Amino acid sequence: MISEMKTIAVVGGGQMGSGIAQLAAMHGCDAWLLDTDPSALTRASKSISSSIQRLVSKGQLTQAVGKDALGRLRYTSNLQELSSADVIIEAIVESEDVKKKLFIEIDKITKSSAILASNTSSISITRLASATSRPKQVIGMHFMNPPPIMKLVEIVRGADTSDETFHATKTLAERFGKTVICSRDYAGFVVNRILMPMINEAFFTLYTGVATKEDIDVGMKLGTNHPMGPLELADFIGLDVCLSIMKVLHADLGDNKYAPCPLLVQYVDAGRLGRKRGIGVYDYRQMPKAIKPSPKL
């Protein structure tokens, strides 16, 4: 199975999906990127080209590898075009129902040997796998944002994930130059089980007037040596994503310590979703580019 991993398909043309497709292409795989919205594919294509050019200009990628990577990328809105893929990585909205519907569709059109991976940051792999006819070949492959930069991939085995699927997925992540950690299939896995309650607590600290947003972030950056403060990081991730993960943690673990902060809920209700909307905890619309929080976590 490992030697046959030549074609990687990614579903979801957002920041995560385009970053994963870029990684696959840069490491010698033929890469499909699918999104039902053609404008999302146009944005993804521009973003990937810019990212690769940046890596070339910094000397982190040779011009030949960059050119080869761009030549390996294909963009589509037609699910049928993914039928020949060896691995399909789902990187769509963090909703169990939406992901399950996609897995049902992918399961029908892909070859029987294909691995179905989810980039979910919190949702049960076992439940996603149950929607398919191949639960042994379903696995969690959680990349960090942005995928071309961040060194970690969190691999999550569902109840039925086979050893062969696990080893093939781990080998693929390592081929992409990533360090792998493994998690059992519990809500939030490792990274978000720890990170999201910290971000939620930062919102409570702001909500209850303990300190300003700036002092909360500076305190965590300089006091604990974090490269970004928790509120800056929440804006970078997307407040809607943070809220979705907190809701999963709260529902699946059944402990009120995971209840989302009312201020986080209010910001999402108001459409203040973070950097992608120009406003979240911070307002990026008037902020000079040079002092915007860095995405390099």
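What you see is a predicted model, and the numbers here were worked out from it, not measured in a lab. Quick note: residue numbers are just sequence positions, from 1.
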Would you say that Leu273 contacts Val268 through its side chain, given a criterion of any heavy-atom pair below 4.5 Å between the two side chains?
yes

Classify the side-chain pair Ser95/Asp97 by whether it contains a donor and acceptor separated by less than 3.5 Å.
no

CD of Gln266 to OH of Tyr207, rounded to nearest 0.5 Å, is 8.0 Å

Can any side-chain N or O of Ser51 pair as donor or acceptor with the backbone N or O of Ser47 at less than 3.5 Å?
no

Quick one: are Val191 and Ile181 in side-chain contact, heavy atoms under 4.5 Å?
yes

So, Asn200 side chain and Tyr258 main chain: donor-acceptor pair closer than 3.5 Å or not?
no

Ion pair Asp163/Lys170, N-O distance below 4.0 Å:
no

Taking it one step at a time, do Leu23 and His27 satisfy side chain to side chain contact (heavy atoms under 4.5 Å, CB included)?
CA-CA 6 Å; Leu23 263 178; His27 289 87; 3.9 Å; yes

Validation row: Lys213, Glu232 side chains within 4.5 angstrom (heavy atoms):
no

Within the distance-only criterion (no hydrogens, no angle test), does the side chain of Ser45 pair as donor or acceptor with the backbone N or O of Thr42 below 3.5 angstrom?
no

Minimum-distance pair of heavy atoms, taken over all atoms of Gly12 and Leu33:
O-CD1, 3.4 Å

Ignoring hydrogens, what is the shortest heavy-atom contact between Leu61 and Gly66? Give both atom names and the distance.
CD2-CA, 4.0 Å

Under 4.5 Å between side-chain heavy atoms, counting indirect links through other Ile/Leu/Val/Met/Phe/Trp/Tyr residues: same cluster for Leu206 and Val218 or not?
no

Roughly how far apart are Thr120 OG1 and Leu128 CG, rounded to 0.5 Å?
6.5 Å

How about Ile237 and Asn145: do any of their side-chain heavy atoms sit closer than 4.5 Å?
no

What's the separation between atom NZ in Lys67 and atom CD1 in Ile52, rounded to the nearest 0.5 Å?
13.0 Å

Can you check whether Pro135's main-chain N or O pairs, donor with acceptor, with Asp160's side chain at less than 3.5 Å?
no

Taking side chain as C-beta onward, heavy atoms only, is Met26 less than 4.5 Å from Leu55?
yes

Does Asn225, at its CG atom, have more than 12 non-hydrogen atoms belonging to other residues, nucleotides or ligands within less than 6.0 Å?
no

Euclidean distance, Ile125 CD1 relative to Arg157 CZ, rounded to 0.5 Å:
12.5 Å

Quick one, Asp235 and Lys276 - any side-chain contact, counting heavy atoms below 4.5 Å?
no

Taking the basic N atoms (NZ, or NE/NH1/NH2) and the acidic carboxylate oxygens, is any pair closer than 4.0 Å for Asp30 and Lys6?
no

Axial cation check for Tyr267 ring with Arg272, 6.0 Å and 45° limits:
yes

Same cluster or not: Met196 versus Leu264, using hydrophobic residues (I, L, V, M, F, W, Y) connected whenever any side-chain heavy atoms lie under 4.5 Å apart?
yes

How far apart are the closest heavy atoms of Val10 and Ala91, and which atoms are they?
CG1-CB, 4.4 Å

Check: Lys46 main-chain N/O paired with Ser49 side-chain donor or acceptor under 3.5 Å
no

Roughly how far apart are Lys247 NZ and Ser122 OG, rounded to 0.5 Å?
12.0 Å

Among side-chain atoms of Gln137 and Ser162, is any donor-acceptor pair under 3.5 angstrom?
no

Closest heavy-atom pair and its distance - Pro230, Asp217
N-OD1, 3.1 Å

When you measure from the side chain of Ser77 to the backbone of Asp35, do you find a donor-acceptor pair of N or O atoms at a distance under 3.5 Å?
yes

Specify the closest pair of heavy atoms between Lys221 and Met228, including all atoms of both residues, with the distance to one decimal.
CG-C, 3.6 Å

In terms of hydrophobic clustering (I, L, V, M, F, W, Y; side-chain heavy atoms under 4.5 Å; direct or indirect links), are Val265 and Val93 co-clustered?
no

In sequence, state the C-alpha distance, the side-chain angles, and the governing distance for Glu154 and Asn192, and then conclude on side chain to side chain contact (heavy atoms under 4.5 Å, CB included).
CA-CA 10 Å; Glu154 192 174 33; Asn192 282 320; 5.5 Å; no

Please indicate whether Gln63 has more than 12 foreign heavy atoms, meaning atoms of other residues, nucleotides or ligands, lying under 6.0 Å from its CD.
no

Does a side-chain N-to-carboxylate-O contact under 4.0 Å join Lys101 and Glu105?
no

Does Asp252 come within less than 4.0 Å of Arg127, counting only side-chain N to carboxylate O?
yes

Counting N and O atoms only, with roles assigned by atom type, does the side chain of Arg275 sit under 3.5 Å from a partner on the main chain of Tyr284, one being a donor and the other an acceptor?
no

Is it the case that one hydrophobic cluster holds both Phe103 and Met16, taking links as side-chain heavy atoms less than 4.5 Å apart, direct or via other members?
no

Are Leu195 and Leu233 close enough that some pair of their side-chain heavy atoms sits under 4.5 Å apart?
yes

Following the transitive rule for hydrophobic clusters with a side-chain heavy-atom cut-off under 4.5 Å over Ile, Leu, Val, Met, Phe, Trp and Tyr, establish whether Val241 and Phe203 coincide in one cluster.
yes

The reported gap from CD in Glu164 to CD1 in Ile115 (rounded to nearest 0.5 angstrom) is 7.5 Å

Here the pair of heavy atoms bringing Val11 nearest to Ile106 is CG2-CD1, 4.2 Å

Return yes if some donor-acceptor pair links the side-chain N/O of Arg72 with the main-chain N/O of Gly28 below 3.5 Å, else return no.
yes

Between Asp185 and Thr126, does any side-chain donor sit less than 3.5 Å from a side-chain acceptor?
yes

Expected output: side-chain Thr161 to main-chain Gly158 donor-acceptor under 3.5 Å
yes

Run the side chain to side chain donor-acceptor pair (under 3.5 Å) check on Asn78 and Thr76 step by step: do they pass?
CA-CA 5 Å; Asn78 179 7; Thr76 184; 5.4 Å; no

Chi angles and distances behind the side chain to side chain contact (heavy atoms under 4.5 Å, CB included) call for Thr171, Met5
CA-CA 10 Å; Thr171 299; Met5 283 195 179; over 6 Å; no

Are the side chains of Gln15 and Phe236 in contact, using a 4.5 Å heavy-atom criterion?
yes

Verify the distance criterion only: is there a donor paired with an acceptor across the side chains of Arg193 and Ser183 at less than 3.5 Å?
no

